[in-house]
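Quick notes on the structure that follows.
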Amino acid sequence: MTSPRLAPGATAFLDRDGTINESAPEGEYIVSPAEVRLLPGAAAAIAALERLPARVVVVTNQRGIALGRMSEEDLAAVNARLLELLEAEGASLDAILHCPHEKGACDCRKPGPGMFERAEREVPGARIEGGAMIGDSVLDVEAGNRLGLTTVRLGESAPGDPAPTHQAPDLRAAVSWLLDPAAA
Ligand SMILES: [Mg+2]
Ligand SMILES: [Zn+2]
């Protein structure tokens, strides 16, 4: 028997919008709990990661805070709702880390490494080495590739985008690929 592509004890870093929950339309932000809708299969996929066991850490760019579209309190309420919906389906998260900054103003906005490094410092058991990054944006792939993570891009890549380790239609398929060595 061969081992899973993500080893027990490793950390799965997940993007939030478009990966776990439905994205807001282009250029908009999820600013209230009522807008949080889980994507199909997302909770079950996260629960499968937890059973590995993996740490599951969300790393999310939330520039809407810098733009004044929402406050830190709004974001906290959105994240609380996300957790509530996940927990209702038997899944949980070790942490949700966010970057509230404008582009070019910090080292934590993906593709920067700041949120990943913060996870290593602040989330018990979380580590970059041997981990994976799953997300629907080119920024997720870029961030993960720079740190040597296994990267899974959800949905389509555009021409010229950096290549992820693997491409998958959704979080469920991404997690199956990470956990099942027989998965294509
Ligand atoms: Mg996204
Ligand atoms: Zn930042």
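Any value given below was found using the heavy atoms of this structure, including those in side chains, with hydrogens, waters and symmetry copies removed.
- A salt bridge does not link R121 to E117: none of the charged side-chain nitrogens sits closer than 4.0 Å to a carboxylate oxygen.
- With rounding to the nearest 0.5 Å, the separation of CZ in R63 from CE in M70 is 11.0 Å.
- Of the possible polar contacts, none joining the R69 side chain to the E28 backbone as a donor-acceptor pair under 3.5 Å is found.
- Of the possible polar contacts, none joining the R16 side chain to the V59 backbone as a donor-acceptor pair under 3.5 Å is found.
- Put simply, the side chain of T165 never gets that close to the backbone of V152: no donor and acceptor are under 3.5 Å apart.
- In this structure, D140 contributes its side chain and M133 its backbone to no donor-acceptor pair below 3.5 Å.
- Using a 4.5 Å heavy-atom cutoff, the side chains of W177 and I134 are not in contact.
- E50 places no side-chain N or O within 3.5 Å of a backbone atom of V56 that could act as its donor or acceptor partner.
- Looking only at atom types and distance, the side chain of N21 has no donor-acceptor partner in the side chain of E35 under 3.5 Å away.
- Only one option out of I128, V123, V57, L149 pairs with T11 in a side-chain contact (heavy atoms from CB on, under 4.5 Å); it is V57.
- Panel note: side chain Q167, backbone G155; a donor-acceptor pair is recorded below 3.5 Å.
- Residues I30 and E22 form no side-chain contact, since every pair of their non-hydrogen atoms from C-beta on lies 4.5 Å or further apart.
- If you chain together hydrophobic residues whose side chains sit under 4.5 Å apart, L97 and V58 never meet in one group.
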